[in-house]
Protein chains: 2
Amino acid sequence: MTETPTVIPQAQSGKKPLSQTQRATRMLREMIITNKLLPGSSHLETELAEMLGMSRTPVREAAIVLEGQGLVEVKPRRGVRILPLSPADMEEIYSILTELESLAAHDVAKNGADEEDLARLRALIQEMETALADDDRHRWAEADERFHHKLVSLAGNRRLQTIVATYSDQVHRARLLTLHMRPTPHRSNEDHRALVEAIAAGDAERARNIHREHRIRAKTMMIKLIASHGLRAV
Amino acid sequence: MTETPTVIPQAQSGKKPLSQTQRATRMLREMIITNKLLPGSSHLETELAEMLGMSRTPVREAAIVLEGQGLVEVKPRRGVRILPLSPADMEEIYSILTELESLAAHDVAKNGADEEDLARLRALIQEMETALADDDRHRWAEADERFHHKLVSLAGNRRLQTIVATYSDQVHRARLLTLHMRPTPHRSNEDHRALVEAIAAGDAERARNIHREHRIRAKTMMIKLIASHGLRAV
DNA sequence: CTAATGTTTATTGTATACATAAATTTATAC
DNA sequence: GTATAAATTTATGTATACAATAAACATTAG
């Protein structure tokens, strides 16, 4: 894979100067998932190149990468189009995420997690709870994302991680949008606690089922919210 | 000028002259999954370009696409490397395929398949059986692939189909390799029949479980075969 | 006014040029 | 003979040039 989506931290001490293609890929992905480039809009290669201060070549290569990750579509003479997500698309993606994250939960429980990892997961749940207490949904969402990411990474299946990251990126916009429309996610935190217990107990099937139900609930809510607000795409 | 074919499901019908990049992508992928380009080997962009009779640019773009599909790795000054699969890689991929194909089986059973689709699946099983009777494993494998492909396509989740296709490509080499080492796949056909029955009965959970077990068996056998032949990568 | 045709423009696909940095080789010192 | 440094080669990353062609526009016919 060219790049693992949503792996922002690279700035530390690994001082390899990024290539222009890498920079273009990151910047464009960031602008897409944070809605700086609006879904449905099209952008000529030249425009993007100028905007990013580089030539067309790296922009073109970045577009190919992002197309492979389902974020854009490169249309022959129409430029690069930011793909909108319909409720049907969301349904597709959430089904896949549900299944793969549940597999991750299963595998983590089966292979066993050490105390450090369990502590990390519990700390993230705690973080979500205090964020909720402070009515800070943004912080809650961030901790939630990190929880799911950590869970998947513990499964130790790199490809699984890549797929989940890719599709999580795709629904990131929708999550941002519904964050303030949804009811307070208390139930979500209960699910998380139950999941960590199942993992700690090494009960793989229970972990899988808890997480699957958790994900299905999230999906149902998301679709309903989008539909109830009359959004045809995001 | 009456019809502009936007999405052509298969080959010839729309004879849009492929771009060089598309040609490069197809040719390289084909050469990789059929072992014309050996796993672990590296190839400079210039070599590949000359080999395919085009300039470096489209080769480069194809390499980016194939890298996104996990078939190659582009190493800074080492050229394009055909990625070998270790048993651990295979384990990763089969886990993902197991889960996603099982989801497909579940969804197809849940949404219901019409008689035509069921007939098609049954015809493919029949094809596998006659191929086995003729001791023609190649034909069996082809029908098997088409059966799995058909199953997944019936689920109607385009992204699911894409992921399964991508990872199926990755293990294609290994399947070719073990095709003649494995015992006659009678059990496999029984599984297929049971699956189609569960789908016809609309029993989603049963369909899911049957297919999951089927896939797990396939995975175990594959890993054992590879290991028993002392192969560290394919 | 509408449809058909010709003309212009704009954008892409691909080739190519070139500076840069990695890899490799050669030279030099110890 | 080994280790270090300098020189050379090489492949890449990126910019740029340019022909091909789809889209947009203007023109003409009906």
Side-chain angles (χ1 to χ4, degrees), chain A residues 1-4 10-11 13-29 31-32 37-38 40-68 71-83, chain B residues 1-8 13-29 31-32 37-38 40-68 71-83:
Chain A
M1 302 270 165
T2 307
E3 282 200 39
T4 315
Q10 170 65 21
S13 45
K15 60 273 139 185
K16 284 266 154 53
L18 298 184
S19 72
Q20 297 291 65
T21 300
Q22 287 170 313
R23 295 202 323 114
T25 306
R26 291 192 188 192
M27 295 168 95
L28 290 177
R29 174 162 43 230
M31 296 173 82
I32 293 167
L37 292 175
L38 295 178
S41 63
S42 287
H43 309 271
L44 298 180
E45 292 177 2
T46 320
E47 292 172 19
L48 293 175
E50 188 170 4
M51 173 186 205
L52 300 178
M54 55 184 72
S55 81
R56 271 177 58 217
T57 307
V59 168
R60 206 151 205 284
E61 298 190 343
I64 293 173
V65 171
L66 295 174
E67 183 170 48
L71 289 174
V72 307
E73 178 189 28
V74 181
K75 300 202 92 178
R77 247 149 258 265
R78 289 271 128 114
V80 178
R81 180 157 172 274
I82 315 301
L83 284 178
Chain B
M1 293 292 243
T2 349
E3 303 178 298
T4 311
T6 11
V7 175
I8 304 103
S13 58
K15 63 275 145 154
K16 285 258 163 54
L18 297 185
S19 72
Q20 297 291 67
T21 301
Q22 287 170 311
R23 296 201 322 114
T25 306
R26 290 194 189 189
M27 294 169 95
L28 289 177
R29 176 167 34 233
M31 295 173 84
I32 293 167
L37 292 175
L38 295 178
S41 63
S42 286
H43 309 270
L44 299 179
E45 292 176 2
T46 319
E47 291 172 18
L48 293 175
E50 188 169 5
M51 173 185 204
L52 301 177
M54 54 183 73
S55 82
R56 271 177 58 216
T57 307
V59 169
R60 204 150 207 285
E61 298 190 344
I64 293 173
V65 171
L66 295 174
E67 183 170 50
L71 289 174
V72 308
E73 178 188 29
V74 180
K75 300 204 91 180
R77 253 149 252 266
R78 289 269 125 116
V80 177
R81 182 158 172 273
I82 315 302
L83 284 178

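The sequence lines fix the lettering, A, B, ..., with proteins before strands; numbering per chain opens at 1.
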Nucleotide [N], atom [atom2] - distance to [atom1] of [X] in whole Å:
{"X": "B:M54", "N": "C:dT16", "atom1": "CE", "atom2": "P", "value": "13 Å"}
{"X": "A:E45", "N": "D:dT14", "atom1": "CD", "atom2": "P", "value": "15 Å"}
{"X": "A:R56", "N": "C:dT14", "atom1": "CZ", "atom2": "C1'", "value": "10 Å"}
{"X": "B:Q20", "N": "C:dT14", "atom1": "CD", "atom2": "P", "value": "5 Å"}
{"X": "A:H43", "N": "C:dA10", "atom1": "NE2", "atom2": "P", "value": "20 Å"}
{"X": "B:E50", "N": "C:dA15", "atom1": "CD", "atom2": "P", "value": "13 Å"}
{"X": "A:E61", "N": "D:dA15", "atom1": "CD", "atom2": "C1'", "value": "12 Å"}
{"X": "A:R81", "N": "C:dT12", "atom1": "CZ", "atom2": "P", "value": "15 Å"}

Heavy-atom donor-acceptor pair, B:T46 side-chain to D:dA11 base, under 3.5 Å: no
Look at the side chain of B:R77 and the base of C:dA22, then say whether one donor and one acceptor between them are separated by less than 3.5 Å. no
Are B:R78 and C:dA21 close enough that a side-chain N or O sits under 4.0 Å from OP1 or OP2? no
N or O in side chain of A:S55 less than 4.0 angstrom from D:dA15 OP1/OP2: yes
Closest approach of A:L52 and A:V59, non-hydrogen atoms and distance? CD1-CG2, 4.4 Å
Contact summary for A:A24 and A:M54, nearest pair of heavy atoms: CB-SD, 3.8 Å
Looking at A:E67 and A:V74, would you say the former's side chain and the latter's main chain have a donor-acceptor pair under 3.5 Å? yes
Can you establish whether the number of heavy atoms outside B:E50 located under 6.0 Å from its atom CD is more than 12? no
Select base, sugar-phosphate, or nothing to describe what B:T57 touches, counting heavy atoms under 4.0 Å on all strands. base
